[in-house]
Amino acid sequence: RRLFQKEESLDKKIENLEKKEMQLAEKVKEVELQKEEFLKVLIDSMLEQTYSYWELILADASSTDKVKKQCANYKDERIKYFSLEKNDGISENTNQGIERAAGDYIGLLDHDDYLTPDALYEMALAIEKGKEKKQEYGFLYSDEDKCDGDGVTFYEPHLKLDFNLDLLMTNNYICHFCVMKKELIQSLKFRKEYDGAQDFDIFLRAVGELWNQNPKVEETICHVPKVLYHWRCHNDSTAANPQSKRYAYDAGRRAVQDFVNQRGWEAAVEEMAHVGFYRVVYKNGVLAQREDVAAVGGKKIKAGKLYSGAF
């Protein structure tokens, strides 16, 4: 884990904010336990947060009382357990949790992942910095790393790019932990027909909605360049076994295709050889379909080839 020095002026402002205004991140989770200790580690990581204005919402659709009993061990009023009447799938179950959220921002985190102690503070800090620049972020995400099933070994830090639309259409590089404005995520809701890639789908639709509100969509999306959560790898997770949820990759392709269609671009989305990656094939080429894209030639190397790339 990394430790970060707090900026005193902004830290003081955050401490002085009214609780209602900066009740930052409700962790909404439709709980399906593989191992009970995973949920315990997640809850403990919430209790270790240096930023205290949060609530954890657990919408339980499991068929046993294991989750209920585990939550009963915690007496913190910020931990709010709800038993759902029936299991309608991860999207519909999560929507029920989202509707119960009370803060200004809602955070999403898988139950088998867990946060670094400064995660919510860093998100609140980024929101406050945005306000100082007259920017109100609708969507924030952070870097990540992976850990083994026991949470002992940490590896493969994913130091992500700032918001990159074409990269996002190629792969869900935002991944798990993210924070959105409450009114944005509640208006969009998760769609059950995209179960398996429901996070990817709502990320893309959030980008589309923010783009509709502001042509400079990158100004409404904030990348916090710090590892703020650990993605746990075990046999049932896609982190360790990409084929464990093969259906999710088709749902991801359909989510990208829907985004492309909503933008009015004539294009087909194809799966690539590497699972979880997609290619958008534009009719008559990308420049014929997208006004937001232009071609810039770099230094010629040889044989007519040019420097190019994402950086």
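Excluded from the calculations below are hydrogen atoms, water molecules and symmetry mates; all remaining heavy atoms, backbone and side chain alike, are included.
A donor-acceptor contact shorter than 3.5 Å links the side chain of K75 to the backbone of A72.
Proximity of D88 to Q96: side-chain heavy atoms (C-beta onward) are separated by under 4.5 Å at one or more points. Considering only heavy atoms from C-beta on, F82 comes within 4.5 Å of I57 through its side chain. Looking at H158 and D143, their side chains never come closer than 4.5 Å, going by heavy atoms from C-beta outward. Between C178 and F203 the shortest side-chain heavy-atom distance falls below 4.5 Å. When side chains are defined from C-beta on, K131 does not count as touching E136, because their heavy atoms never get closer than 4.5 Å. Side-chain contact check for W231 versus D110: every heavy-atom pair is 4.5 Å or farther apart.
Note: F154 and Y114 have perpendicular aromatic rings, judged against thresholds of 30 and 60 degrees for the angle between ring planes.
Look at K189 and E99 and you find a salt bridge, because one of the NZ, NE, NH1 or NH2 atoms lies within 4.0 Å of a carboxylate O, short of that distance. The residues E55 and R78 are annotated as not salt-bridged, no charged nitrogen and carboxylate oxygen being separated by less than 4.0 angstrom. We find that D201 and R191 are joined by a salt bridge, their nearest charged nitrogen and carboxylate oxygen being less than 4.0 Å apart.
Ring-centre distance between F139 and F163: not below the 6.0 Å cut-off. Aromatic pair H111/F38: centroids not less than 6.0 angstrom apart.
Counted within 6.0 Å of NZ on K160, heavy atoms from surrounding residues, nucleotides or ligands total more than 12; the atom is thus considered enclosed.
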Given Y194 and S91, is the side-chain contact (heavy atoms from CB on, under 4.5 Å) satisfied, shown in steps? CA-CA 8 Å; Y194 294 92; S91 292; 5.9 Å; no

